[in-house]
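Proteins get letters first, then strands, A, B, ... in listed order; numbering begins at 1 in each. Computed from heavy atoms alone, side chains included, the values below leave out hydrogens, waters and symmetry copies.
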Amino acid sequence: MTKIVVDGTEVDVPADYTLLQACEIAGAEIPRFCFHERLSIAGNCRMCLVELKGAPKPVASCAYAVKDCRPGPNGEPPEVLTRSGTTKKAREGVMEFLLINHPLDCPICDQGGHCDLQDQAMAYGVDSTRYGENKRAVEEKYIGPLVRTAMNRCIHCTRCVRFLAEVAGVPDLGAIGRGEDMEITSYLESAMGSELQGNVADLCPVGALVHKPQSYEVRPWELSKTESIDVMDAVGCAIRVDAKGREVMQIEPRINEAVNEEWISDKTRHAVDGLRMQRLDRPYVRENGRLRPASWGEAFAAIAARVKGTDAKRIGAIVGDLAGVEEIFALKSLMTALGVTNLDSRQAGETLDPAWGRAAYTLGTTIPGIEDADAILLVGTNPRLEASLLNVRIRKRWRMAPLAVGLIGEAVDLTYPHTYLGAGPETLAEVASGRHSFAEVVKAANRPLVIVGMGALSRPDGAAILAAAAALAKDIGAVTPDWNGFGVLHTAAARVGALDLGFVPGEGGLDLAAMIQSSALDVLFNLGADEVEVGPGAFVVYQGTHGDRGATRADVVLPGAAYSEKSATYVNLEGRVQMTNRAGFPPGDAREDWAILRALSDVLGQRLPFDSLGALRRTLYGAYPHLAALDTVAPSDAVSAVEALAGLGGTPDRAAFAPAVPDFYLTNAIARASRVLAECSSLARVRGLEAAE
Amino acid sequence: MANRRLAPAAEQPQSFAFSSENAEWAKGQIEKYPEGRQASAVIPLLWKAQEQNGGWLPRAAIESVADELGMPHIRVLEVATFYTMFALEPVGRFWIQLCGTVPCDSCGARELKDYLQARLGAPGHVSADGNFSWLEVECLGACCNAPMAQINQDYYEDLTPDLLGALMDDLAAGRPVKIGSQVGRTSSEPKGGADTLVDATLFDGSRVGAWRQRFEDKKAEESSEPSGKAEAASSEQRAAADPKPARPDAGRAVEGRSTDAPAQRSASGEKPVKSGDEAEAADPAESTARPGKPAPTPAESMARAEAAGAESGTQSDLPRDEPPPQPEASGASEGVSTDGPKTAPAETSGDKRPAPKSEGN
């Protein structure tokens, strides 16, 4: 620790801190453009200049270490002045230079109102110019469908370049030319290839890079901002849902160090227009082969007519990828009351069973815990597409100090160097038996991490593969009382919550694959499962948000609320319990899902014992206390769970692991309804074809 | 310098590959750098690619170099667009890079620019005969012989429009040309030959080598009397009596009163001038005074030393964090006069200023 005096306040900071960090500890605010906590230091905007006593001129505080400061003549701690006249004058000079070429188009700039340059010009700008020449004019660049450029506004901070190169690991942007002629562009104006590219517009301190889909649509001051949780994948990124009136306009990341730091994927951000399109806004009942609009009463009556007199053994319920814990609980309570045991939430056919223990179906390592791993084995997963922010964390870990990452499954670019081991269960067996050279690497590691993905588990022999992976984890010492290095990587936001509630076939119950066979059931409740093809025969009650595959096959459609329209609990792939908040109301006659099920239960004569969301949660927390602990991961006994898994045995098939997310941009009903994501998807497909050539 | 872009697609060759000789050379360049640092070879490789491609760098070459070094294409494009030494569009057989930075400009580069503009047209275009293209570039580091231009690999200096025109004619006709200064000076000597360090005695050892003779003589003298042992013993005693801490000041410069200025001695009540110095100064053999000018009196030299001491800051007792005393604002300083308070001129302009202080005197 080193002492340093900032504006007369002495603070004690680690010697490797920069002056900027020390100043922030001391409570002094330092303006900056190029500096960002999570990116490397560029030191090129010069806005963070401070006066350092003894230094001949102001120093860039973001790039000057506390340990490089000289003490005073009698050994006094070095002194920094952030409010002195020299500092102010220096920053005003920098600001004047920045504004020489910056256009005065704030009224038509999308960044207006949340622009760093605008804000800091209020403090350090002068109200007139001394520059009589023409301003620099820069051609607009095409860098993809998600980010619009207005390059006249660029102040060359290079945050976007550094983000893509460092965090995203897909170095698509660069700065060509030099000096005043420097321009940010992608190589020959090709579209950026990162699934995190939207973040560059967030990072841009000016309006040079702005979000293209909501161009000219929003001003920050007319939005109501709701803190929520993303459900596009199982990571559960912290988001802020910005709505204008009833309509959700944009989704921005929130900082959550434990999950997404401050990034979100493009799917999370740009599924927004999917919340408006293809929505189910009233109940429908199928008559003569066609769905016709109906009232809630008619819809419920149609359901009740079919359920009454149907044997509970011929009734089933399945849960999709976006359902919150509350409605799953309500559905399970209703089904239990009806005596139904045909329940399943494992839409992709994952062979996971809550009976094996919570550690057997979550990533108990936790996402921040990845930073402690020293070797990672990925089995049947492509975290870049299945859990983009988890992949960012692995990349962050790799950037701290390169570690060995082995991949079994589809050969993909994970954005960090890794060893491709093989395609299927045979390779896993080779590593487990020590025949593969990577076995030495994971054995030698102190904190190895084995992550099994849905590509390995969503197949009939999934249990055997999971058992083999667990046995491997046990062998290499991945699971000890201090280190839980075994986990499952989910792709659906609802899955862990549903497994926590035990939404799996009860005694003698059918699983999902059996339920969707033709004529397997008479009545099937489908809570938002859009990725399954239900065979003919059953009377399907679909409760969901979008007119997607599930609604097409339904006999009764009950319109529900999307994640931005309800307060619902989601458990992410770590087992972290998080809650969304309502940013708007569901469209038309659509209602919150738990309320629909509560109303339906009344019609079916099995009234659920809660009349409000609060009452539902009280019941829920009574039955599952760990769900009451928001934002935490309940500890689970990984050692015994892995022991149990390893004991399952079984012989895996020889088939290679298939990708669990074939199209990153179109994984759920909301994303499929989004035009923006459809464009991204077709671009990605073209890119994939080009890469394959 | 305008925006630098790749040449239009019509001019781009379909593919680029190093010739086997150049590929070998490139491998040698890459091997200079440790594993994982191959990207460091990007400039030599681009340079070679440009050379092989007739003086300019096509897109295919940029991509080929990027792939060879395992760099993203944009990273190599950044390098290629940063340096004007990489031509991104086809160039003439002779590529003229005319320096237009300040020293060349003030020595007439503007006329050269006008000349090239008139003879070859706008920069960046190859002349009709394919011989020339030109570009104004930033400083090429030959300011002493300004104005200058680089044509292909060589510098041509001390140019005038006429000289440049003749040079271009010669180049185009394949006649031999003189590299370097075009007005006959040797490297960067002054025009008309050297005018310093021309004394022959500087180079015959009689002056420049004399110190060495003295040094060697003295060394021979010292080695004849064995005093080393006695010195070692005394240093041991000194160390015992006055032990030095391992890190006397933790490696930082401590400001102490280490100077031995006359003003300091005067302050501590001593005689300002050291007695030895006085005697030395009196010795006419040691005098540095010029003949004809009387040697300074002790009083004069003391005053000078004092002034020097004050200037170098050794006497300053001002706090470090305060600016040096400045003359006060004009109104106030006029108010503070030997005559005591008087009407400040500011009052006439209606300003309310603090009453002038009379105790300032």
### Query
Would A/E79 and A/K3 pass as an ion pair if we require N to O under 4.0 Å?
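Not counted as a salt bridge, because no side-chain N and carboxylate O are separated by less than 4.0 Å.
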
### Query
Between B/E31 and B/K27, is the closest basic N to carboxylate O distance under 4.0 Å?
no

### Task
Using a cut-off of under 4.5 Å on heavy-atom pairs, state which of A/L188, A/V138, A/T185 scores highest against chain B.
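The answer is A/L188.
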
#### Entry: Selection from A/I176, A/V170, A/D172, A/L173 maximising heavy-atom pairs under 4.5 Å formed with chain B
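Max contact count across the listed options: A/I176.
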
Checking [X] against chain B: side chain, backbone, both or neither under 4.5 Å from a heavy atom?
X      : answer
A/E180 : neither
A/L81  : neither
A/S186 : backbone

### Message
When you compare the side chains of A/E51 and A/S84, does any donor N or O come within less than 3.5 Å of an acceptor on the partner?
### Response
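Yes, A/S84 and A/E51 have a side-chain donor paired with an acceptor closer than 3.5 Å.
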
### Task
Output all residues satisfying salt bridge (charged side-chain N to carboxylate O under 4.0 Å, His left out) with B/E51, sequence neighbours left out; order by chain, then residue number.
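With sequence neighbours excluded, B/E51 shows a salt bridge (charged side-chain N to carboxylate O under 4.0 Å, His left out) to B/K48, given in chain and number order.
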
### Query
Is the number of heavy atoms from other residues, nucleotides or ligands within 6.0 Å of OH (B/Y83) greater than 12?
no

### Task
List in chain and number order the residues that pass ring-ring contact (aromatic ring centres under 6.0 Å, His included) with A/H156, two or more places apart in sequence or in another chain; answer none if no residue qualifies.
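Per chain and number, A/H156 pairs via ring-ring contact (aromatic ring centres under 6.0 Å, His included) with no residue.
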
Under 3.5 Å, which donor-acceptor pairs do the side chains of residues 52-69 of chain B form with other protein atoms, sequence neighbours left out?
| from | atom 1 | to | atom 2 | distance (Å) |
| --- | --- | --- | --- | --- |
| B/Q52 | OE1 | B/S19 | N | 3.1 |
| B/Q52 | OE1 | B/N22 | ND2 | 2.8 |
| B/Q52 | NE2 | B/A17 | O | 2.9 |
| B/N53 | ND2 | B/W56 | O | 3.0 |
| B/R59 | NE | B/E63 | OE2 | 2.7 |
| B/R59 | NH2 | B/E63 | OE2 | 3.3 |
| B/E63 | OE2 | A/Y187 | OH | 2.8 |
| B/D67 | OD1 | B/H73 | NE2 | 3.0 |

### Query
In residues 157-166 of chain A, which residues are in contact with chain B at a heavy-atom separation under 4.5 Å?
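Expected list: A/V161, A/A165.
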
### Intermediate values then yes/no, side chain to side chain donor-acceptor pair (under 3.5 Å), A/Y131 and A/N101
CA-CA 9 Å; A/Y131 187 72; A/N101 277 320; 4.9 Å; no

